[in-house]
Amino acid sequence: MTDGMEKLKQHETSIAEYWELVKEPGQPNLDPIGWFGPTPETPGDMIVTNDQDIPGADTSFDNVNLHFHGMQIVRHLFYPQGTNNASAPWITLTPDNSESRCFCYVFEIPFDHPQGTFFWHIHRHGSVAMQAWQGMVGFLQVGNVESAGSPDNDLAKQGVIRDEFIALWEWSVDPKHRVAGTSTFFEGNFIQRNDYIQTFLTNNGYQPTYSMYVGETVHVRLLCAQTTTGSGIYILDEDDNMIPFWVFASDGISYSHAVQHESILIGPGQREGVLLQFSKAGKYSIMQQILNDMQVGGNSGGDAPLGFIEVSNDIPVDYKGILNIDISTLKFTPGMSGNITEEDVINQNSINFEVQSIKMKAPVPQFIINGVEFDSSRIVEREVAAVATSWTLTSNMNYFHPFHIHVNPFQVIMMHTGNITGTVGETSLEDAVFDTNLNPHPMWRDTVFIPPFGMTVIRQRFGESVAWTGKTVFHCHFLDHEDQGMIAAMMIVDPTTKKPTTAPTTSSKSSKVQTKKKSITSIESTTEGGV
């Protein structure tokens with residue numbers, strides 16, 4: 001099928017729909033931050049200053065491209081890969097056009113790339129959220145049990161022999177409309193209504209059950225692949241007592257040791273390397289608390305099991321792993337070495353994520369960065385490869401924003417918030433978000449929350465090879481925010497010294513040296529436009 005989204009009537013969000021939204025009280029609920037300006041009397045009164053921020057306006061929802069989230073590889077959103085042309089167009093696969101339905105992504109994976117859990121998803125601006133709601137996301141794994149320094153290898157040598165992949169995904173449905181003659185409902189659109197049904201799935205299933213043995217340690221690769229919400233995660237036993245668990249890696253980058261948590265708060269794009277172990281048989285609930293982007297009087301997303309774990313005493317006699325491991329003693333090969341110090345920092349960037357509520361302007365509301373709308377040809381930041389930069393990221397309203405930058409990780413230095421209320425299980429929401437992103441400190445990540453009325457400070461150094469230069473983006477990873485303008489183009493300019501392709505170093509004084517084989521990844525897909 002070459003026009004599936006069209007047949008499901010998923011098309012450009014119309015100005016008339018935005019106009020109807022503004023007329024209807026409480027849709028969306030922006031009263032806490034206030035509406036501004038007069039109410040438009042007709043759709044024709046709505047102002048559109050940039051159609052790039054109207055979802056589907058400049059691309060079909062059937063058109064795609066790919067982003068390899070967290071992978072430290074050549075820039076790959078604009079044509080051609082690695083381009084340094086500010087006006088370069090998006091790589092775009094158009095399934096209804098035979099001349100632009102094939103594009104080959106070719107990457108060289110650096111020899112010292114962190115080994116762990118990464119993520120692929122579609123990323124054609126204007127259609128990202130709609131396609132993510134359809135499930136166009138998945139895992140990427142770098143390294144395996146035979147790769148020295150990988151978490152799989154580290155764990156296997158210490159008696160942990162089993163892992164599970166858990167992807168959290170949301171699905172929005174319009175229950176009032178279905179395809180004629182079928183039981184297929186239309187997908188929810190950007191014009192969110194209170195009567196939409198939002199279902200949260202685990203690995204495309206509803207509340208699945210996993211099995212473990214008493215004393216067994218299992219590595220869970222946890223991916224938040226949600227589109228417009230985050231998740232607070234905690235575990236309950238049959239008596240509703242919270243059961244602690246361990247985390248040894250964030251966003252595919254291992255720590256040196258595991259850290260114990262009672263709850264974590266993860267946003268779209270974030271991954272956690274979790275270790276589970278239970279001392280008693282029984283049925284345990286993995287609880288999910290939905291984190292809404294806008295915070296009004298505490299988090300209001302609700303709690304429900306995302307899945308269950310049946311723990312049994314029936315341990316096979318030929319079980320190959322080690323039982324009752326002291327997880328606090330496990331050692332891991334750090335995915336990145338060294339720290340970016342304050343003395344290393346040369347550049348300072350300040351980025352403010354803002355949501356406006358001007359009634360007469362589409363999209364509604366307006367998602368902007370540093371007071372300006374998104375334009376793919378406007379370069380808002382220029383960074384020099386191999387130079388350390390400190391980013392101060394702010395949200396001056398009651399919104400969470402998960403910040404992601406392509407394609408290099410960063411260290412989270414500090415977080416601050418004026419007011420977060422609510423809990424994740426028995427943990428305060430504020431403690432959960434801080435602990436997930438700052439423990440251990442400083443934490444390497446590629447995606448991090450900016451809290452409501454808050455600030456996050458990160459430090460970053462881009463790669464030293466010419467392969468790391470070119471046009472790329474940073475954005476809010478709530479994908480409906482991104483599609484409606486909360487994204488910006490940036491340019492990594494030529495380094496002063498050119499070296500063979502290597503992963504970005506973490507300090508001018510230290511770099512990680514390992515012996516892993518280089519590999520080439522080739523994925524079929526298409527282009528739009530030229531150089």
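Side chain of Tyr18 to main chain of Met46: no donor-acceptor pair is present (N/O by atom type, distance under 3.5 Å, no hydrogens or angles). With hydrogens and angles ignored, the 3.5 Å screen pairs no side-chain donor or acceptor of Asn352 with any backbone N or O of Asn370. No donor-acceptor distance shorter than 3.5 angstrom exists from the side chain of Asn398 to the backbone of Pro452, with no hydrogens or angles considered. Under a 3.5 Å cut-off, the side chain of Trp120 and the backbone N or O of Met136 do not form any donor-acceptor pair. When atom types are taken as modelled, the side chain of Asp483 and the backbone of Gly126 share a donor-acceptor pair closer than 3.5 angstrom. In this structure a side-chain-to-backbone donor-acceptor pair under 3.5 Å is present from Asn65 to Ile91. Within the 3.5 Å criterion, the main-chain N or O of Glu41 finds a donor-acceptor partner in the side chain of Asp45. Without hydrogens or angle criteria, Gln131 side chain to Asn63 main chain gives a donor-acceptor distance under 3.5 Å.
Counting only N and O atoms by type, the side chains of Thr83 and Lys471 include no donor and acceptor under 3.5 Å apart. Side chains of Ser377 and Asp375: a donor-acceptor N/O pair is present below 3.5 angstrom, by distance only. In the model, Thr49 has a side-chain atom that pairs as donor or acceptor with a side-chain atom of Glu373 under 3.5 Å.
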**Report entry** Evaluation steps, side chain to side chain contact (heavy atoms under 4.5 Å, CB included), between Leu291 and Leu265
**Finding:** CA-CA 8 Å; Leu291 178 79; Leu265 186 72; 4.2 Å; yes
Query raised in the report: Can Thr472 and Leu77 be said to form a side chain to side chain contact (heavy atoms under 4.5 Å, CB included), step by step?
Result: CA-CA 7 Å; Thr472 186; Leu77 280 189; 5.7 Å; no
Query raised in the report: Which is it for Gln484 and Val355 under the side chain to side chain contact (heavy atoms under 4.5 Å, CB included) test, yes or no, and what are the steps along the way?
Result: CA-CA 11 Å; Gln484 296 178 98; Val355 183; over 6 Å; no
Report task. In sequence, state the C-alpha distance, the side-chain angles, and the governing distance for Val433 and Thr436, and then conclude on side chain to side chain contact (heavy atoms under 4.5 Å, CB included). Result -> CA-CA 5 Å; Val433 67; Thr436 306; 6.0 Å; no
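Counting heavy atoms from C-beta outward, Pro402 and Gln270 have side chains that stay 4.5 Å or more apart. Counting only heavy atoms from C-beta outward, the side chains of His113 and Phe118 approach each other to under 4.5 Å. Looking only at side-chain heavy atoms (C-beta outward), Leu222 and Leu168 come within less than 4.5 Å of each other. You'll find the side chain of Leu429 stays beyond 4.5 Å of the side chain of Thr421, heavy atoms only. Between Phe353 and Cys476, the closest side-chain pair of non-hydrogen atoms falls below 4.5 Å. No side-chain heavy atom of Thr456 sits less than 4.5 Å from a side-chain heavy atom of Asn437. With a 4.5 Å cut-off on side-chain heavy atoms, Thr417 and Phe434 count as touching. When side chains are defined from C-beta on, Arg459 counts as touching Glu342, because their heavy atoms get closer than 4.5 Å.
The shortest non-hydrogen separation linking Met336 to Pro114 is SD-CG, 3.7 Å. Heavy-atom minimum distance, Pro40 versus Val22: CD-CG1, 4.1 Å. Taking each heavy atom of Gln226 and Ile290 in turn, the nearest pair found is NE2-CD1, 4.5 Å. Listed here is the closest heavy atom pair of Ile15 and Ala362: CD1-CB, 4.0 Å. Heavy-atom minimum distance, Gly82 versus Val74: CA-CG2, 3.8 Å. Taking each heavy atom of Cys224 and Ile266 in turn, the nearest pair found is CB-CD1, 3.8 Å.
Evaluated for a ring-ring contact (aromatic ring centres under 6.0 Å, His included) with Phe139, the options Phe68, Phe119, Phe165 yield exactly one hit, Phe165. Screening Glu383, Gln460, Gln348 for a side-chain hydrogen bond (donor to acceptor under 3.5 Å, both in side chains) with Thr389, the sole residue that qualifies is Glu383. Here the rule is ring-ring contact (aromatic ring centres under 6.0 Å, His included) with Phe400, and of Phe449, Phe478, Phe453 only Phe449 fits it.
Taken from NE2 in His125 to OG in Ser376, the straight-line distance is 8.0 Å, to the nearest 0.5 Å. The CE atom of Met415 sits 10.0 Å away from atom CD of Glu430, with the distance rounded to the nearest 0.5 Å. For the atom pair CG of Asn349 and CH2 of Trp391, the computed distance is 4.5 Å after rounding to the nearest 0.5 Å. For the atom pair CZ of Arg382 and CE of Met490, the computed distance is 10.5 Å after rounding to the nearest 0.5 Å. Here the CE atom belonging to Met397 is positioned 6.0 Å from the OG atom belonging to Ser357, to the nearest 0.5 angstrom. Atom CD of Gln134 and atom CH2 of Trp171 lie 9.0 Å apart (nearest 0.5 Å).
The aromatic rings of His76 and Phe107 lie perpendicular to each other, with more than 60° between the two planes, well past the 30° mark. Relative ring orientation between Phe403 and Phe410 is described as tilted, the plane-to-plane angle lying within the 30° to 60° band. The aromatic rings of His406 and His404 lie tilted to each other, with the angle between the two planes from 30° to 60°. Between His69 and His477, the ring planes lie perpendicular to each other; the angle is over 60°, past the 30° to 60° tilted range.
Under the rule for a side chain to side chain contact (heavy atoms under 4.5 Å, CB included), the partners of Thr392 that lie at least two apart in sequence or sit in another chain are Ser350, Thr394, Met455, Val457. Residues forming a side-chain hydrogen bond (donor to acceptor under 3.5 Å, both in side chains) with Glu170 (at least two apart in sequence, or on another chain): Trp133, Gln198, Thr228, Thr229. Residues meeting the side-chain hydrogen bond (donor to acceptor under 3.5 Å, both in side chains) test with Arg221, sequence neighbours left out: Thr117, Asp152, Asp163. Residues passing the side-chain hydrogen bond (donor to acceptor under 3.5 Å, both in side chains) test with Gln366, sequence neighbours excluded: none.
Identified under the salt bridge (Lys or Arg N to Asp or Glu O under 4.0 Å) test for residues 442-455, with sequence neighbours left out: Asp251-Arg445, Arg271-Asp446, Glu272-Arg445. Every pair tested for salt bridge (Lys or Arg N to Asp or Glu O under 4.0 Å) that includes a residue from residues 130-139 fails, sequence neighbours excluded, so the list is empty.
Salt bridge present: Arg124 and Asp58 bring a charged side-chain N and a carboxylate O closer than 4.0 Å.
Ring centers of Trp90 and Tyr79: at least 6.0 Å apart, outside the cut-off.
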